[in-house]
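Take a look at the structure below.
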Amino acid sequence: MRVATVTDTRLLGVEKQADANPTAFLTLVGKIIPLQVTGKDGGPIQHQGIDVPAKETREEWLARQAKEREEKQSVH
């Protein structure tokens, strides 16, 4: 069973154990992974997804930002 490539020698024993005894290893992993994860103060986890494509290209955004900076500077 290959869980991950181990570069840290301290974890080499863990990798060997996973290969030698996958059932026992996965039982241990199941015990250390939290059963329930909550957000701040026990509330729900807050997440923000970005599922909408950008409304402007990078170049358009840069041009808009430059124009807004110029407008701010001209006001001062």
Side-chain angles (χ1 to χ4, degrees):
M1 166 187 261
R2 178 63 70 191
V3 175
T5 301
V6 178
T7 56
D8 189 338
T9 56
R10 293 174 293 177
L11 296 176
L12 190 56
V14 174
E15 184 180 25
K16 287 181 181 178
Q17 185 65 27
D19 289 336
N21 301 304
T23 302
F25 177 76
L26 290 175
T27 300
L28 175 63
V29 169
K31 290 181 180 185
I32 62 172
I33 294 177
L35 296 176
Q36 184 175 2
V37 180
T38 59
K40 185 177 179 180
D41 299 325
I45 296 174
Q46 301 295 317
H47 65 280
Q48 179 180 0
I50 301 176
D51 295 332
V52 180
K55 294 180 181 175
E56 58 189 359
T57 66
R58 180 178 186 273
E59 291 76 19
E60 291 169 335
W61 182 84
L62 289 171
R64 183 173 53 81
Q65 292 295 313
K67 182 179 177 184
E68 288 174 3
R69 265 189 251 114
E70 288 175 9
E71 290 172 355
K72 284 182 183 179
Q73 289 176 353
S74 66
V75 171
H76 294 276

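Between I33 atom CD1 and L28 atom CG the span is 9.5 Å, to the nearest 0.5 Å. To the nearest 0.5 Å, atom CD of residue E56 and atom CG of residue L62 are 9.0 Å apart.
E70 meets the salt bridge (charged side-chain N to carboxylate O under 4.0 Å, His left out) test with no other residue; sequence neighbours excluded. With sequence neighbours left out, the side-chain hydrogen bond (donor to acceptor under 3.5 Å, both in side chains) criterion links Q65 to no other residue. Under the rule for a salt bridge (charged side-chain N to carboxylate O under 4.0 Å, His left out), E59 has no partner lying at least two apart in sequence or in another chain.
The only member of E68, K67, E60 that meets side-chain contact (heavy atoms from CB on, under 4.5 Å) when paired with R64 is E68.
Taking all atoms of both residues into account, the shortest heavy-atom contact from T38 to I45 is C-CG1, 3.9 Å.
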